[in-house]
Amino acid sequence: MREAASPRVELADLRALSARIGSDPLLIQGAGGNTSLKADGILWIKASGTWLAHALERDIMVPVEIAPLLDAVSSVDPAAERAEQFTIPDLNPSGLRPSIETTVHALMPQRVVLHVHCVNTIALAVRTDCRSELATRLDGLNWALVRYARPGLPLALAIAEHSSTRPDVLVLANHGLVVAAETVDAAEALLNEVTQRLAAEPRSAPPANMEKLRALGVALKDVAFRLPESDTAHPVATDPASTEIAAHGSLYPDHVIFLGEGSAIARPGEDAQAVVARIGAAPVSIVFPGIGVLMREDATPSADAMARCLADVAARIPPGAPLRVLTAEEHLQLTDWDAEKYRQELARKAARKSA
Ligand SMILES: [Zn+2]
């Protein structure tokens, strides 16, 4: 039998796994998702605003004391949302702030927890009829479907409703996937198993019309638009079924955080200027049906990642599937919230640095 690895080795293994997961856009987009390890009463959790993809190049893991954090959660103390007060300064030289989803990780009993915004999972988790599909595909695994709740303490409490069955796989409605295990290797194996079982073939879509797109983005006085970082963002515009899905509204939290509420969809004959004039503000991205997607010039790398995510998710949802989108109240909970404002500010700073 293999000897138990020391926390230092395990943390190194987790960072390597985090970098692998973080560089797969079908699992993680931008600063989304997080990973953690529990060892010796300490929860090592990804820092807010950092990217899993950077796990090997820079310090992204913050040490948090588990016991006082769990006390705050069990007394539903809002302090639980500010996990930075439970960090261990001596082990946190970079002064990082723990992920918004730290309470989710702390409440899971397993030592290693991986939370990803897997597009195959999301494509199912936005459907009101997903339970039976999940039951078939996840048969034999200890899984639970968790009702939608805002990331942070509300989500942690929604997950805690399932604690009596100690699930290893959580499908978070309108959000993503959590897998948990006792070792880094076992967590990775479980993640691979679940993502394979939930995989769907994306609908193919015609290519974007680059010439038309460029013409639609020019002639703006105050605001400039540009092409997305990746051509993979366009199918939400060039595949009519995907455009229809995007038109329903916001499907998951990071869409709202980085692209705004719902999708700005141009009407026939509108260019970017006409869309901005109609909406009364410049959206982070504009979907031009049958043509392609434009991004506002100052869109952050996370916004580009979310534009691609929308195309990847929508292409995996069958036309006509019954969808649940975020409500007005749920939008407000996401945008009018200190922790989110901090994360958005970090994304803007990172964008300025990389510019
Ligand atoms: Zn999440």
Side-chain angles (χ1 to χ4, degrees), residues 17-18 21-22 24-36 43 45-53 55 60-62 64 73 80-81 83 97-108 110 112-126 130 143-160 162 167 169-180 187 191 194-195 198 250-259 300 302-303 305-306 308-310 312-313 324-326 330-331 333-335 337-344 346-347:
L17 172 58
S18 300
I21 297 172
D24 182 350
L26 297 184
L27 291 179
I28 295 291
Q29 306 80 28
N34 31 66
T35 59
S36 72
L43 174 74
I45 172 92
K46 194 204 78 162
S48 179
T50 61
W51 293 39
L52 285 177
I60 68 156
M61 303 300 278
V62 200
V64 179
V73 173
E81 296 249 288
R97 179 167 160 165
S99 159
I100 289 156
E101 288 165 324
T102 298
T103 46
V104 168
H105 291 252
L107 275 186
M108 302 281 297
Q110 295 90 342
V112 178
V113 177
L114 312 176
H115 167 49
V116 293
H117 296 158
C118 162
V119 302
N120 281 302
T121 307
I122 297 174
L124 285 165
V126 297
C130 69
W143 67 278
L145 173 61
V146 179
R147 64 179 169 83
Y148 176 80
R150 169 182 54 82
L153 187 54
L155 177 57
L157 296 174
I159 289 174
H162 300 273
V169 178
L170 299 169
V171 174
L172 310 181
N174 288 94
H175 185 153
L177 174 68
V178 176
V179 301
L191 178 66
V194 172
T195 51
L198 299 183
S250 311
L251 295 167
Y252 40 86
D254 270 7
H255 178 99
V256 181
I257 305 304
F258 294 107
L259 293 178
T300 63
S302 285
M306 293 320 298
R308 176 189 176 156
C309 183
L310 179 61
D312 286 336
V313 168
R324 192 193 92 91
V325 295
L326 302 186
E330 286 163 353
H331 280 106
Q333 289 167 351
L334 286 168
T335 49
W337 175 35
D338 285 350
E340 253 333 312
K341 283 181 191 153
Y342 173 79
R343 202 155 74 110
Q344 290 177 46
L346 280 187

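Counting starts at 1 for both ligands and their atoms, in listed order. Note that the numbering runs from 1 along the sequence shown for the chain.
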Answer with yes or no whether the side chains of His255 and His117 bring together a donor and an acceptor at under 3.5 Å.
no
Taking 2.8 Å as the limit, list every protein N, O or S atom around the Zn ion (ligand 1), by chain and residue number.
Glu101 OE2, His115 NE2, His117 NE2, His175 NE2
Do the non-hydrogen side-chain atoms of Val104 and His115 ever get within less than 4.5 Å of each other?
no
So CD of Glu101 and CG of Asn34: to nearest 0.5 Å the spacing works out to 5.0 Å
Thr121, Val325, Leu251 screened by side-chain contact (heavy atoms from CB on, under 4.5 Å) with Val126, the one that passes
Leu251
How long is the span from the SG atom in Cys130 to the CD1 atom in Ile122, to the nearest 0.5 Å?
12.5 Å
Under the rule for side chain to side chain contact (heavy atoms under 4.5 Å, CB included), what residues qualify as partners of Ala55, not counting sequence neighbours?
Arg15, Ser18, Ala19, Ile60
